[in-house]
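Take a look at the structure below.
Keep in mind it's a predicted model, so treat the numbers as computed, not measured. Counting starts at 1 for both ligands and their atoms, in listed order. Note that the numbering runs from 1 along the sequence shown for the chain. All values below were derived from every heavy atom in this structure, side-chain atoms included, with hydrogens, water molecules and symmetry-related copies excluded.
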Amino acid sequence: MCVPENILTNADLEKMVDTSNRWIVERTGIYTRRVASGAESNADLGAVASRAALADAGVSPGDVDMIVVGTNSPDKLFPGVGPTIQGMIGAGRAGAMDVQAGCPGALYAMGVAAGGIASGIWEKVLVVGSEVISRLVDWTDRNTCVLFGDGAGACLMGPWQPGMMKLTHADFKADGRKGDMIELPAGLAAEPASLATVRDKRHFVKMKGNDIFKFVNREMPGYLQNFCADCGIGTKDVDWWIFHQANMRIIDSLMRRLDLPKERAILNVDRYGNTCAASILLALQEGKEDGRIREGQKILLTIFGAGMTYGAILING
Ligand code: UT7
């Protein structure tokens with residue numbers, strides 16, 4: 001994983017918009033988030049995480065077959081972050097692409113990787129979730145600017161061998177009718193950049209936060225119960241829940257509805273805020289690094305975002 005060094009606190013935000021540390025902590029559970037410096041690109045963060053994942057796996061960049069990057073804040077629409085990282089890390093044999101699926105981008109990327117590996121197209125796939133979402137946030141809009149943070153996570157996937165974690169189940173959903181709950185309206189083909197789009201700040205994230213809050217509380221508990229049933233397990237059989245690190249209140253509410261003790265979740269929303277497509281990979285890495293995630297455990301990754309896309313993956317550690 002890789003997070004920028006620059007830390008933005010709630011006290012900093014109090015000086016920027018009409019908000020308070022108390023409101024942010026009570027409504028979101030976020031204390032700090034990381035913000036990329038002007039010199040740090042999405043691909044820079046993703047490349048650091050990628051090199052770390054490859055070093056951890058003992059695989060050299062030249063042996064990677066494919067790079068799939070989930071992101072909502074690509075440095076450019078094209079070329080994608082995937083090809084840029086491919087060039088930066090010297091993965092000369094690898095194909096590379098981005099997956100744009102809202103915050104579940106890296107979860108979807110894991111599904112793409114699993115499919116390509118299972119069909120025999122690829123053997124070693126680097127999956128990355130990378131964001132410099134701070135560049136697409138309106139820093140005068142208190143509804144959004146307190147929530148988001150930058151960072152990147154990466155993992156290497158391949159045909160299962162002893163000693164590796166095993167992705168056993170995956171499921172992906174979307175409800176495109178609710179596409180207006182969170183969007184970045186302008187700057188592309190629907191509303192090309194113009195003086196008006198700049199004046200109206202339509203190339204920044206627009207979000208109906210409370211609608212998302214209700215959508216997640218309505219849809220996700222039943223969805224996750226059904227997903228576990230399809231995996232042949234109960235929700236209590238999962239050792240570690242890795243929820244989208246969007247808002248502590250949403251995680252609390254999902255865990256209450258699923259009747260799960262809080263200790264079963266790996267959390268970092270308090271320190272990093274909502275890092276969008278990087279969110280679940282950062283939590284996975286932290287859980288692995290500090291020894292909470294161990295061999296033989298079941299880890300469930302689940303996330304929602306713009307689309308409204310959502311999904312879940314079960315891993316046997
Ligand atoms: O990756 C997916 C991305 N999005 C999400 O996951 C967002 C999910 N939603 C949320 O996290 C929550 O809905 C928020 C944290 C965004 C908002 O919390 P809420 O409890 O749903 O608040 P609200 O939107 O209903 O707003 C309550 C009040 C409003 O004031 P009035 O109209 O009641 O006077 C807002 O204007 O809180 C106000 N408010 C703020 N006040 C201080 C909104 N943002 C702030 C702020 N500081 N930063």
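Among protein heavy atoms, the minimum distance from atom 4 (N) of ligand 1 is reached at Met207 SD, 3.3 Å. Of all protein heavy atoms, the one closest to atom 17 (C) of ligand 1 is Trp23 CH2, 3.9 Å. For atom 9 (N) of ligand 1, the closest non-hydrogen atom of the protein is Gly209 O, 3.0 Å. With hydrogens left out, the protein atom closest to atom 25 (O) of ligand 1 is Asn210 ND2, 3.4 Å, a heavy atom. Protein heavy atom closest to atom 6 (O) of ligand 1, with residue, atom name and distance, is Ala246 CB, 3.4 Å. Summary of contacts: the protein heavy atom closest to atom 43 (C) of ligand 1 is Asn143 OD1, 3.2 Å.
With a 4.5 Å cut-off on side-chain heavy atoms, Lys298 and Ile233 count as touching. Using a 4.5 Å cut-off on side-chain heavy atoms (C-beta onward), Ile303 and Tyr310 make no contact. Counting heavy atoms from C-beta outward, Met97 and Pro83 have side chains that stay 4.5 Å or more apart. Side-chain contact between Tyr272 and Gln245: absent, with no pair of heavy atoms (C-beta onward) separated by less than 4.5 Å. Put simply, the side chain of Leu184 does not reach to within 4.5 Å of the side chain of Phe204, judged on heavy atoms. Glu40 is not listed as a side-chain neighbour of Asn6, based on a closest heavy-atom distance of 4.5 Å or more.
In this structure, Ile250 counts as a contact residue of ligand 1, since one of its heavy atoms falls inside 4.0 Å of the ligand.
There is no protein heavy atom closer than 4.0 angstrom to atom 34 (O) of ligand 1. Proximity of atom 11 (O) of ligand 1 to the protein is indicated by at least one non-hydrogen atom lying closer than 4.0 angstrom. Shown here, atom 31 (P) of ligand 1 is out of close reach of the protein: none of its heavy atoms lies under 4.0 Å off. Protein non-hydrogen atoms do reach within 4.0 Å of atom 41 (N) of ligand 1. Within 4.0 Å of atom 38 (C) of ligand 1, at least one protein heavy atom is present.
Salt bridge Arg264/Asp239: absent, no basic N to carboxylate O contact under 4.0 Å. Of the charged side-chain nitrogens involved, none lies within less than 4.0 Å of a carboxylate oxygen, so that Lys173 and Asp175 do not count as a salt-bridged pair.
Of the listed residues (Leu8, Ile7, Thr275), just one forms a side-chain contact (heavy atoms from CB on, under 4.5 Å) with Arg34, and that residue is Ile7. Of the candidates Ser134, Ser37, Cys2, Ser134 is the only one forming a side-chain contact (heavy atoms from CB on, under 4.5 Å) with Asp150. A ring-ring contact (aromatic ring centres under 6.0 Å, His included) with Phe172 is found for one member of Tyr108, Phe227, Tyr223 and no other, namely Tyr108.
Here the shortest heavy-atom distance to atom 27 (C) of ligand 1, taken over Lys214, Arg142, Arg27, belongs to Arg27. With atom 15 (C) of ligand 1 as the reference point, the heavy atom nearest to it among Val205, Ile212, Asn247 is part of Asn247. Nearest to atom 47 (N) of ligand 1 by heavy atom, out of Thr19, Ile133, Val216, is Thr19.
Contacts between Val146 and ligand 1, counted as non-hydrogen atom pairs separated by less than 4.0 Å, involve the side chain only. The proximity of Asn274 to ligand 1, defined as any non-hydrogen pair under 4.0 Å, is limited to the side chain. Neither the backbone nor the side chain of Leu13 has a heavy atom within less than 4.0 Å of ligand 1.
For ligand 1, the polar-atom distance check against Cys103 finds no nitrogen or oxygen pair separated by under 3.5 Å. In terms of polar-atom proximity, defined here as any N/O pair under 3.5 Å, Ser20 makes no such contact with ligand 1. At under 3.5 Å, not a single nitrogen or oxygen of Thr28, backbone or side chain, sits near a nitrogen or oxygen of ligand 1.
Near His244, meaning under 4.0 Å from any of its heavy atoms, are these atoms of ligand 1: 1 (O), 2 (C). Atoms of ligand 1 found under 4.0 Å from any heavy atom of Ile182 (numbered from 1 in listed order, with element): 3 (C). Taking every non-hydrogen atom of Arg249 and a distance limit under 4.0 Å, the qualifying atoms of ligand 1 come out as 18 (O), 20 (O).
With sequence neighbours left out, the salt bridge (charged side-chain N to carboxylate O under 4.0 Å, His left out) criterion links Lys206 to no other residue.
In terms of modelled atom types and a separation under 3.5 Å, the side chain of Asp171 and the main chain of Ala312 share no donor-acceptor contact.
The environment of Gln225 atom CD is dense: over 12 non-hydrogen atoms of other residues, nucleotides or ligands sit within 6.0 angstrom.
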